Number of protein chains: 2
Amino acid sequence: MAEPVTEINDLQTPDRILATAEEMFAEQGYWGVSLRSITRASGVNIAAIHYHFGSKQELLERIFEKRCAPMNQERLRLLAECREDAARPPLLEQILEAYLRPSLIWPNDPDGAPRFLRLRAVLSQEHETLAANLISRHFNEVSRTFVRSLLAVLPEFSEEEVFWRFQFLLAAQYYTLSNPGRVVILSDGKCDPSDSEASLRHMVPFCAAVFRAPAPSSDALIFGPSLPVPLAKVG
Amino acid sequence: MAEPVTEINDLQTPDRILATAEEMFAEQGYWGVSLRSITRASGVNIAAIHYHFGSKQELLERIFEKRCAPMNQERLRLLAECREDAARPPLLEQILEAYLRPSLIWPNDPDGAPRFLRLRAVLSQEHETLAANLISRHFNEVSRTFVRSLLAVLPEFSEEEVFWRFQFLLAAQYYTLSNPGRVVILSDGKCDPSDSEASLRHMVPFCAAVFRAPAPSSDALIFGPSLPVPLAKVG
DNA sequence: GTCTATAGAGCGATAGAC
DNA sequence: GTCTATCGCTCTATAGAC
């Protein structure tokens with residue numbers, strides 16, 4: 001667990017291709033990166049990609065396979081360590097950290113987890129069916145395990161209400177890792193979500209607040225077409 | 001405000017191109033869509049795109065120009081209608097609805113707002129510099145106006161803390177509109193975030209909970225490398 | 001396993017007739 | 001303003017020498 005960070009130049013051909021492709025796909029999307037640009041960046045011959053991986057799509061699928069197992073194992077390992085303890089935060093916060101931390105911070109590879117999550121995000125927008133398929137295959141099981149744990153600590157909510165809140169957990173996770181720059185610009189640098197530890201420190205209590213929020217009441221909205229604004233002016 | 005929904009086939013050539021391109025870019029990304037596929041889908045000649053727009057990038061920029069002004073006007077119109085009133089939700093919820101509703105629901109064009117937000121999301125991942133530039137040009141002003149309004153109703157928080165929360169507002173907005181399908185799969189259809197009114201009904205109170213959450217305390221996390229887990233087992 | 005060469009197709013953009 | 005034709009380029013994938 002304490003090996004040095006591995007550089008792309010140290011890797012053998014197939015791992016070099018995987019590492020370079022992951023980085024480029026995450027930055028520019030699947031359709032925005034050609035196999036030839038991957039060969040140029042990794043110093044590998046164009047035919048080597050087809051020899052080792054067969055096609056562009058299979059290369060992408062191998063990136064998923066390589067990343068998902070360790071991320072999910074780490075999530076389950078942390079989940080198993082969660083327990084009620086007066087010296088610890090509430091169980092809800094512990095479960096949320098167990099889910100979020102491995103997607104933000106990868107041991108010995110600080111950029112690895114954010115980069116892979118960014119790749120998942122861009123792929124699900126460029127190539128919806130392929131992404132939905134890959135993500136379902138690799139993440140349904142662990143996500144449902146966490147939803148069950150969340151249901152157990154929030155017995156007052158229905159399964160549907162917990163899934164609505166899980167949607168916001170996923171939102172915070174994806175957006176923070178794939179668009180950290182927007183708020184840096186808006187805030188003139190006062191706030192930087194690309195600092196993963198700082199993000200996590202905010203995400204856990206914020207998501208806990210969402211999970212504890214009461215179910216929406218029917219009069220929560222006022223501007224909707226269903227509940228038109230009374231147009232009489234004040235003052 | 002109550003005109004019928006316009007069909008692509010009713011439009012003149014430049015507007016047809018804009019409408020078709022927006023739809024295809026939103027679904028498959030910028031690099032995933034060729035100008036020729038737009039011409040095939042819209043029944044327009046390839047040269048017409050270059051005649052009317054000059055290039056693929058300028059076509060994209062014109063889509064932004066066409067969408068942003070009305071969305072932002074509607075946000076500011078609703079913001080101006082927010083006021084303290086015992087018969088209404090708290091001001092915070094009103095401001096959040098004023099920000100979110102125009103990005104989820106577009107009058108007379110139910111798919112328009114989600115589609116455009118999806119386009120923004122995919123573009124910011126495929127073509128980061130172009131996207132950051134376009135989004136800054138069209139949204140910085142209105143976003144900062146809302147941050148100022150939020151600061152005014154949350155005087156206990158610093159500007160930085162409000163920006164951290166704004167990050168989560170953006171996250172909920174983008175993810176809900178660009179990846180509604182993930183939770184439908186996870187929940188076996190029990191929960192459907194592509195229902196925009198249902199999403200908004202949850203997003204407003206959930207985001208309000210985030211904005212009201214206290215600033216994170218230093219012992220909020222337990223699994224971090226900085227705060228290692230005590231390894232003694234229980235039981 | 002690694003390379004060169006190339007097939008076969010699609011791309012953005014433009015020229016120029018009408 | 002709309003069309004056809006085409007330039008010049010890049011792409012994925014494969015064939016076949018070494």
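Throughout, protein chains are lettered first and strands after them, A, B, ... in sequence-line order, and every chain is numbered starting at 1. Keep in mind that what you see is a predicted model, and the values were worked out from it rather than measured. Below, all heavy atoms of this structure are taken into account, side chains as well, without hydrogens, waters or symmetry copies.
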Check: Backbone N or O of B:Gln173 within a donor-acceptor pair of the B:Thr176 side chain at under 3.5 Å?
Finding: no
Pairs touching [range] that satisfy salt bridge (Lys or Arg N to Asp or Glu O under 4.0 Å), sequence neighbours left out:
range: residues 11-29 of chain B; value: B:Glu22-B:Arg67, B:Glu22-B:Arg115
range: residues 165-179 of chain A; value: A:Glu161-A:Arg165
range: residues 131-142 of chain A; value: A:Glu61-A:Arg137

Item checked: Inter- and intrachain pairs under side-chain hydrogen bond (donor to acceptor under 3.5 Å, both in side chains), touching residues 116-125 of chain B, at least two apart -> A:Ser178-B:Gln125, A:Asn179-B:Ser124
Please name all residues satisfying ring-ring contact (aromatic ring centres under 6.0 Å, His included) with [X], sequence neighbours left out, ordered by chain then number.
X: A:His127; result: A:Tyr30, A:Trp31
X: A:Phe64; result: A:Phe116
X: B:Tyr175; result: A:Tyr174
X: B:Phe146; result: B:Tyr99

Check: Listed in order of residue number, which residues of residues 50-62 of chain B have a non-hydrogen atom at under 4.0 Å from DNA chain C?
Finding: B:His50, B:Ser55, B:Lys56
Check: In whole angstrom, what separates A:Ile49's CD1 from D:dC11's P?
Finding: 12 Å
Residues 38-49 of chain A, side-chain donor-acceptor partners within the protein, below 3.5 Å, at least two apart:
from	atom 1	to	atom 2	distance (Å)
A:Thr39	OG1	A:Arg36	O	2.6
A:Ser42	OG	A:Ile38	O	2.7
A:Asn45	OD1	A:Ala47	N	2.8

Item checked: Contacting residues from residues 13-39 of chain B, given that a heavy atom lies under 4.0 angstrom of DNA chain D -> B:Thr13, B:Arg36
Notebook entry, point to check: Which part of the nucleic acid does A:Ala47 contact within heavy-atom distance under 4.0 Å: base, sugar-phosphate only, or nothing?
Noted result: base
Notebook entry, point to check: When you list every nucleotide of DNA chain C with an atom under 4.0 Å from a heavy atom of chain A, which one comes first 5' to 3', and which comes last?
Noted result: C:dG1 to C:dT6
